[in-house]
2 protein chains.
Amino acid sequence: MAATLHDVARMAQVSIKTVSNVINERPNVGSATRAKVEAAIAELGYTPNLTARGLRSGRKGAITLAVPDLALSYFAELAAEVIAAAEAAGVVVLVEQTGGDRERELALLKSPRLNMTDGLIFSPLGMGQEDVGALEVSYPLVILGERIFEGPADHVTMQNVAAARAATEYLLDSGRRRIAVVGAHEGEVVGSAGLRLSGYREALAAAGIEYEPNLIAHSGLWHRANGATCMRELLARGVDFDAVFGLNDTLALGAMRVLQEAGISVPADVAVMGFDDLEETPYSIPSLTTVDPGRGWIARTAVKTLLQRINDAGSGGPAETRLAEFEIRRRESTAAA
Amino acid sequence: MAATLHDVARMAQVSIKTVSNVINERPNVGSATRAKVEAAIAELGYTPNLTARGLRSGRKGAITLAVPDLALSYFAELAAEVIAAAEAAGVVVLVEQTGGDRERELALLKSPRLNMTDGLIFSPLGMGQEDVGALEVSYPLVILGERIFEGPADHVTMQNVAAARAATEYLLDSGRRRIAVVGAHEGEVVGSAGLRLSGYREALAAAGIEYEPNLIAHSGLWHRANGATCMRELLARGVDFDAVFGLNDTLALGAMRVLQEAGISVPADVAVMGFDDLEETPYSIPSLTTVDPGRGWIARTAVKTLLQRINDAGSGGPAETRLAEFEIRRRESTAAA
DNA sequence: TTGAAAGCGCTAACAG
DNA sequence: CTGTTAGCGCTTTCAA
C-alpha cells in the first residue's frame, strides 16, 4: 500500500496539515519542521494521491483533448503539440477519438468521463452550427476548427478562407488556370472543407475565372486513400486541369500518387498544392507545396486559453476567438511548368 | 453545482445506497424503486463523479499510454488503436510523450501522475536492459517493444528479428544482392534497430553474403528527415547498392525521396523496403513494400492484457510475453528490376 | 506556526 | 430489497 499523508505525519511527528503545507509549498512552515517532513517523505517514498486531491480541490491537473482520429496525421501532430504544451504547464492530457461522428461528438460533450479532467479542447468534425447549443457546458471548453461560429466557448482556429485563397492565388500567379479541388464536402459551408472551397472560389472570382463544378471532387474523411479516389474520379471524368488543390496534405499526397501512376508529371503537367504543412510534406516526391496554417500556435494557444479559463473559474469574461497566422510553404510540386 | 447521489436520493425519496445500486446496475432493486430513481436521475441530469468513485473504489476507468512522440506516425497509429480498444472496454486513455529520452522514461515510471490511472502501457525507447529494475512497479504495467527482455512486466511485441530477416530474404529472393540499411543505431542490441539489423544479418548469412558495414547508415530518431540524411550519407560514401532496407517506413520514405532526387530510379535501380505498414505506404510513389508487424493486434492485446492485470489485482500469475504475427506487404518499390 | 476536525462524492460493509 | 454508516486521502477552515 502506498504511503499517505498520515503515514508521513506520524513518522515526522507532526500533524497532517503541516505535511500538506510542505507538499504544497506553503510559506508558513518552520525550516526545522520542513526538514523533518521532507525526510519522512523521502523515507516512505510518499507520493500524493492525485485522485483524492482532485476530489477535494476540484482540480485534477488533467485536460481532455478530443479529435476525430489520431491516425489522421494532422490530428496526430496537433495532439503531439497539445500534449507538449500541457506538459510544460504541468498538466496531463486524456485523448478521446470521436471518429468525426456527430452523435459521438454530441455524446462526448455530456459524458461523465469529462469530469475526470478540468476542461476540454474539442475539435469537432460532424457537428454543425445547429448544434451550437450543445456547447453550453458547465466545464471550461475551447473549440478548435470552424464547424461552429459564435458559440458560447472560446475558439482557436486557423484562417481557412484567407489561407485557401492565398494558396489558390499562388497557383494562379504561377500561371495555372484550371485548378481542380480534391476533398470537398458536398453542400458544406461551415466546415474546413466548405471554408477552404470558399477561399478557392474567392481567388478565382478575383482573377475573373469562372468556377467550374466539374473540377471539384468530393470525399468523406480526409484520408490519403480518399485523395487517391478523388483523383481517379477526376481523371475518369476526362476534365482538363493544370493544377490540383488538395484541401489537406494527405488528400494532395494521395492525389499526387494517382497522377503519377497515370503518367502525368508533377509539376510539369499538373501542379499540386496541399494544406496543413505536415512534417512529411518536404519528403514526398516531389516535395509538396502547402499552407502552414499555424498548427503549433493553435495547440499552444488552445492549452493556454483553456488553463486560463480553468484558473479564472467562470469569472473570465466573454468567449473569444483567436486566429492563427498562415504561410505558404513553396516546394517542388508547384514549380513553374 | 452538479447533482450528487444525495440530491438524487432526496428527490426519489430513497436512500443513497439504493441510488448507487441503480447506477451500478446491481440486481437487487425493485422495479418501482428503480423507475423512481431513474426519473430523478434524468430530472437532475445527474452524472456520477468519477473522481470520487475512483478514490473510493481504487478504480479510475483510465489507463496511461506512454510513447516517444505522437508526431511519429507509427506511434500515432498505435495510439489510435489503443484508444479505440480501450474505449470498447469503457476505459479512457491518458497519453504521455517521453521523447524517447531515457531520463524522462525513468521519471515517468515513478511519476505521481500515474496514480490518476489504473495502469500503464509503456513503449520505451531510451531505456535498456540495465534499467529493468525500474519496471518493478506497484501498478499494472504492459511493455511494448523490445528494449527490455525478461522484465517483471507483461510484454507485447512484434517479431523484429524474424520479420526483418523475412524482409531481407524477400529482397534477396528478388535478386538484390547489395542491400543498404537505413536508420541503424550504433552499437545497439536490444532495441528495434538492433534487432532488425540482426534479422538482416541472419538473412545475409543464410544466403552466404558477407555483411558490409559500409552499407549501414546510422541515425537518431526514426524521422523521415533522418531517412533522407542517411541516404545522402550513403550516396556520399560512393558505395554501390541495389536495395535499401529502411528500418521503418518513415526512414524508407525519406530515403526514397533522396534516391529519386539523385536521379536513381526506384525500383529499377534500387529496391526499397520499409517496416511498419503505415497507412500511407500504399500511397507513396512508388508504393512502399513493407512489413506489417501486427500493430493492431499489439494494441488490442496490450489493452486486453493490462485490463486483465487490473482486474486480477496482483493475483494474475507471472509476467508473459506475447508475440504478434507479421507479414510482408509487397508493393511497387521492390518490383523486379 | 501548527493541530483538530470536517467533508469532497462515492462505495461497501453491515443491519434491518 | 433497502437504509445507515464508515471511510478512500486529501485540503481547508477554524482554533490554539
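Proteins get letters first, then strands, A, B, ... in listed order; numbering begins at 1 in each.
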*To the nearest Å, give me how far apart NZ (A:Lys36) and C1' (C:dG3) are.*
13 Å

*Check the distance between C:dG9's P and B:Arg10's CZ and give it to me in whole angstrom.*
12 Å

*asked:* I want to verify a distance call: between D:dC10, C:dT2, C:dC10, whose nearest atom is closest to the A:Pro48 side chain?
replied: D:dC10

*Would you say the side-chain atoms of B:Asp131 pair up with the backbone N or O of B:Gly128, donor to acceptor, closer than 3.5 Å?*
yes

_Separation of C:dG9 C1' from B:Ile16 CD1 (nearest whole Å)_ = 8 Å

_Looking at B:Lys36 and B:Glu38, is any side-chain nitrogen of the basic one under 4.0 Å from a carboxylate oxygen of the acidic one?_
no

*asked:* Is the phosphate of C:dT11 approached by B:Ser20 (side-chain N or O, under 4.0 Å from OP1 or OP2)?
replied: yes

_Looking at B:Arg53 and C:dG9, is any side-chain donor or acceptor paired with a base atom of the opposite kind under 3.5 Å?_
no

*Return the value, rounded to whole Å, for the distance between atom CZ of A:Arg59 and atom P of D:dC10.*
18 Å

_Any B:Thr4 side-chain N or O less than 4.0 Å from OP1/OP2 of C:dC8_ = no

_Nucleotide C:dG9, atom P - distance to CG of B:Leu44 in whole Å_ = 14 Å

*Short side-chain N/O contact to C:dT11 OP1/OP2 from B:Asn24, under 4.0 Å*: yes

*Indicate yes or no for a side-chain donor-acceptor contact from B:Glu96 to the backbone of B:Thr64 under 3.5 Å, with no hydrogens or angles considered.*
no

_Nearest heavy atom decides the nucleotide; on that basis, is B:Lys17 or A:Ser15 closer to the 5' end of DNA chain C?_
A:Ser15

*In whole angstrom, give the distance that lies between atom CG of B:Leu55 and atom P of C:dC10.*
12 Å

*Under 4.0 Å: is that the gap between some side-chain N or O of A:Thr51 and OP1 or OP2 of D:dC8?*
no

*Send over the distance from A:His6 NE2 to C:dA6 P, rounded to a whole Å.*
13 Å

_Salt-bridge criterion met for B:Arg309 and B:Asp312 (N-O under 4.0 Å)_ = no

_Interatomic distance where CG belongs to A:Asn21 and P belongs to D:dT12 [whole Å]_ = 10 Å

*Nearest to side-chain heavy atoms of A:Leu5, which nucleotide of D:dT2, D:dA6, D:dT11*: D:dT11

_Can you tell me which residue among A:Val142, A:Leu144, A:Leu109 is in a side-chain contact (heavy atoms from CB on, under 4.5 Å) with A:Phe122?_
A:Leu109

*Under 4.0 Å: is that the gap between some side-chain N or O of A:Thr18 and OP1 or OP2 of C:dT1?*
no

